[in-house]
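Below you'll find the structure, written out as structure tokens, and then a few comments.
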Amino acid sequence: MKKYFLYIVICLLAGFSSCIEEPDGYSNSNEGNFEALWHIMDTRYCFFEYKDIDWNAIHNEYKSKLNLVYDKYDLFDLMTDMIDNLEDGHVNLYSNFDVSSNYKIFEDSVENFNSKVILSSNYLGNNYRKVNGLRYTKIKNGKIGYVYYGSFENTFSDQNIKNIFDSFADCDGLIIDVRNNGGGSLGNSERLASYFFNKSMVTGYIRHKTGNGHSDFSKPTEIKTPAHASVFWTKPVAILINRNAYSATNDFVNRMQLVSNAFSVGSWTGGGGGMPMSSELPNGWMIRFSACPMYDSDMNQTEFGIAPDYYVTMKESDVASNIDTVIEEAASIIEALTF
């Protein structure tokens, strides 16, 4: 069975022998699939108490609507509406005809990013270099290195980063722009952060479910960010963030909070502080969910996002002139630090 295969593998890798068995006995019917989804979330989702969600009340509300379900599309929409109450971008229902997405966490936020502006001659322009998802160039008359990284799905090598740092050797500082980076690999997040640490540090914690109860968790396990052995940036570095910086990007920003010469500029990140895992329903649909809560170095939850060190929003007048307010503020801070 494919059910909970990913969850079991991760538990084994983490050394947790107390991982819970997959629930069984649900029929491939509208009610059976509904109850299987609700039960999987009830026993595995990790933020019910933190978000103060009454999952039993939500069960009763949406089960009463099952009599209005006439086909698979109605069932998919009903279950999507139910899990949307969690307001979690890591909770998705997958079928062979649709994938649910929860955009509520982004609806009321300022986008704080304009791709046309960063591609203008003021920033990346037409002559930037690119390697494995990293686009980079010098800005502000060559005084500052600028890197845009749009997805942590893109894997880079140590040599890639060394070449980028070498090209910025005569710059006063560095800007890493991860706005609108929806996440990807936590391994890439750790690797990118490691180039800014001069020693290994505990940058967060993670807990794992140990039982079916909403509060059944293991003791916190340390998450460390290592220092890279040979590639290291020592000058000021600004991390540009916005609400669409999510999941692995949120993790990267969390790690970089402990770098002494780093600071963040922009608006709150989107969060996504739960390790996502997946399970299968009787009809073959997959449900992904946040299973393991992750914390910062002070054991604060990061599910709802991380605040910037310097809160800056884009000005419409700047955008009209192909000026990125957030980049400009980051550059000014770097200039002040190196004056």
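Please read these numbers as outputs of a predicted model, since none were measured by experiment.
No side-chain heavy atom of Tyr26 sits under 4.5 Å from any side-chain heavy atom of Asn33. Looking at heavy atoms from C-beta onward, Ile53 lies in side-chain contact with Leu86 at the 4.5 angstrom threshold. Contact annotation: the side chain of Val147 never approaches that of Arg135 to less than 4.5 Å [non-hydrogen atoms, C-beta and beyond]. Taking the side chain as every heavy atom from C-beta outward, Asn300 and Thr302 never approach each other to under 4.5 Å. Residues Ile239 and Phe252 meet the side-chain proximity criterion, which asks for heavy atoms closer than 4.5 Å. Looking only at side-chain heavy atoms (C-beta outward), Lys51 and Asp88 come within less than 4.5 Å of each other. In this structure the side chain of Asn242 reaches within 4.5 angstrom of the side chain of Asn180, judged on heavy atoms. Annotation: side chain of Cys46 is in contact with side chain of Pro293 (closest heavy-atom distance under 4.5 Å).
Exactly one of Asn114, Asp324, Asn244 qualifies for a side-chain hydrogen bond (donor to acceptor under 3.5 Å, both in side chains) with Arg179. That residue is Asp324.
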In sequence, state the C-alpha distance, the side-chain angles, and the governing distance for Cys292 and Phe217, and then conclude on side-chain contact (heavy atoms from CB on, under 4.5 Å). CA-CA 9 Å; Cys292 304; Phe217 292 102; over 6 Å; no
Which is it for Tyr136 and Phe165 under the ring-ring contact (aromatic ring centres under 6.0 Å, His included) test, yes or no, and what are the steps along the way? CA-CA 10 Å; Tyr136 63 101; Phe165 285 178; over 10 Å; no
Given side-chain contact (heavy atoms from CB on, under 4.5 Å), test Ile327 with Leu240 step by step and report yes or no. CA-CA 8 Å; Ile327 293 178; Leu240 308 191; 3.5 Å; yes
Using the rule given for ring-ring contact (aromatic ring centres under 6.0 Å, His included), can you reason through Trp233 versus Tyr195, listing the C-alpha separation, both sets of side-chain angles and the distance that settles it, and then say yes or no? CA-CA 6 Å; Trp233 181 266; Tyr195 302 118; over 10 Å; no
Assess whether side-chain hydrogen bond (donor to acceptor under 3.5 Å, both in side chains) is satisfied between Arg44 and Asn212, documenting all intermediate values. CA-CA 7 Å; Arg44 304 295 184 264; Asn212 289 338; 3.2 Å; yes
Dump the intermediate steps for side-chain contact (heavy atoms from CB on, under 4.5 Å) on Glu222 and Tyr205, then the final yes or no. CA-CA 5 Å; Glu222 292 180 348; Tyr205 296 87; 3.6 Å; yes
Checking ring-ring contact (aromatic ring centres under 6.0 Å, His included) for the pair Tyr128/Tyr123: CA distance, chi angles, key distance, verdict? CA-CA 9 Å; Tyr128 62 87; Tyr123 307 108; over 10 Å; no
Asn188 and Asn154: CA distance, side-chain angles, deciding distance, side-chain hydrogen bond (donor to acceptor under 3.5 Å, both in side chains) verdict: CA-CA 8 Å; Asn188 289 334; Asn154 296 314; over 6 Å; no
Candidate pair Asn102 and Asn92, rule side-chain contact (heavy atoms from CB on, under 4.5 Å), full reasoning: CA-CA 8 Å; Asn102 192 329; Asn92 310 98; over 6 Å; no
After noting the C-alpha distance and the side-chain angles of Asn112 and Ser267, does the key distance pass the side-chain hydrogen bond (donor to acceptor under 3.5 Å, both in side chains) rule? CA-CA 7 Å; Asn112 226 14; Ser267 48; 3.2 Å; yes
May I have the step-by-step check of side-chain hydrogen bond (donor to acceptor under 3.5 Å, both in side chains) for Thr269 and Asn250, ending in yes or no? CA-CA 6 Å; Thr269 64; Asn250 193 69; 2.6 Å; yes
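When atom types are taken as modelled, the side chain of Asp172 and the backbone of Ile144 share no donor-acceptor pair closer than 3.5 angstrom. In this structure a side-chain-to-backbone donor-acceptor pair under 3.5 Å is present from Ser264 to Asp309. Under a 3.5 Å cut-off, the side chain of Ser297 and the backbone N or O of Val202 do not form any donor-acceptor pair. Checked by atom type and distance alone, the side chain of Ser321 never pairs as donor or acceptor with a backbone atom of Ile323 at under 3.5 Å. Using a distance-only test at 3.5 Å, with no hydrogens or angles considered, a donor-acceptor pair links the side chain of Glu303 to the main chain of Gly273. Side chain of Lys138 to backbone of Asp170: no donor-acceptor contact under 3.5 angstrom is found. Formation of a donor-acceptor pair under 3.5 Å by the Asp216 side chain with backbone atoms of Gly213 is found in this model.
Leu134 is connected to Val237 through a chain of hydrophobic side-chain contacts under 4.5 Å among Ile, Leu, Val, Met, Phe, Trp and Tyr, so both are in one cluster. Met256 and Leu186 fall into different hydrophobic clusters, defined by Ile, Leu, Val, Met, Phe, Trp and Tyr side-chain heavy atoms under 4.5 Å apart, directly or through other members. Linking Ile, Leu, Val, Met, Phe, Trp and Tyr whenever their side-chain heavy atoms come within less than 4.5 Å leaves Val259 and Ile175 in two separate clusters. Side-chain heavy atoms closer than 4.5 Å link hydrophobic residues (I, L, V, M, F, W, Y) into clusters, and following such links, possibly through other members, connects Leu192 to Val131. Grouping the Ile, Leu, Val, Met, Phe, Trp and Tyr side chains by contacts below 4.5 angstrom, directly or via other members, places Trp268 apart from Phe113.
A donor atom on one side chain and an acceptor atom on the other are found under 3.5 Å apart for Asn85 and Tyr62. Residues Asp177 and Tyr146 bring a donor and an acceptor atom of their side chains to less than 3.5 Å of each other. For the residue pair Ser157 and Asn160, a side-chain donor N or O sits within less than 3.5 Å of a side-chain acceptor on the partner. Side chains of Arg288 and Ser278: a donor-acceptor N/O pair is absent below 3.5 angstrom, by distance only. A donor atom on one side chain and an acceptor atom on the other are found under 3.5 Å apart for Thr249 and Asn181.
One finds a salt bridge joining Lys63 and Glu31 here, because a Lys/Arg side-chain nitrogen approaches an Asp/Glu carboxylate oxygen to under 4.0 Å. Salt bridge absent: Lys162 and Asp158 never bring a charged side-chain N and a carboxylate O closer than 4.0 Å. With respect to Lys224 and Glu190, no salt bridge is recorded, no charged nitrogen being found less than 4.0 Å from a carboxylate O.
No close placement of the Trp38 and Tyr45 rings is indicated, their centers lying 6.0 Å or farther apart. For Tyr246 and His90, the distance between ring centers is under 6.0 angstrom. Side-chain rings of Phe34 and His59 approach one another, their centers coming within less than 6.0 Å.
Summarising the local packing, CG of Asn126 is surrounded by 12 or fewer heavy atoms from other residues, nucleotides or ligands at distances under 6.0 Å. Residue-environment remark: NZ (Lys235) exceeds the threshold of 12 foreign heavy atoms within 6.0 Å. Counting non-hydrogen atoms of neighbouring residues, nucleotides and ligands closer than 6.0 angstrom, the CG atom of Asn127 reaches no more than 12 such neighbours.
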Identify all side-chain donor-acceptor contacts of residues 331-339 below 3.5 Å with residues at least two apart in sequence or on another chain.
unit_1: Ser332; atom_1: OG; unit_2: Glu328; atom_2: O; d: 3.0
unit_1: Thr338; atom_1: OG1; unit_2: Ile334; atom_2: O; d: 2.9
unit_1: Thr338; atom_1: OG1; unit_2: Glu335; atom_2: O; d: 3.3

Scan the side chains in residues 64-83 for donor-acceptor partners under 3.5 Å anywhere in the protein, sequence neighbours excluded, and list what turns up.
unit_1: Ser64; atom_1: OG; unit_2: Glu61; atom_2: O; d: 2.6
unit_1: Asp71; atom_1: OD1; unit_2: Tyr73; atom_2: N; d: 3.1
unit_1: Asp71; atom_1: OD1; unit_2: Asp74; atom_2: N; d: 2.8
unit_1: Asp74; atom_1: OD2; unit_2: Tyr70; atom_2: N; d: 3.1
unit_1: Thr80; atom_1: OG1; unit_2: Phe76; atom_2: O; d: 2.8

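Residues Ser189 and Arg255 approach most closely at OG-NE, 3.8 Å, considering heavy atoms.
Rounding to the nearest 0.5 Å places CG of Asp98 at 8.5 Å from CG of Leu93.
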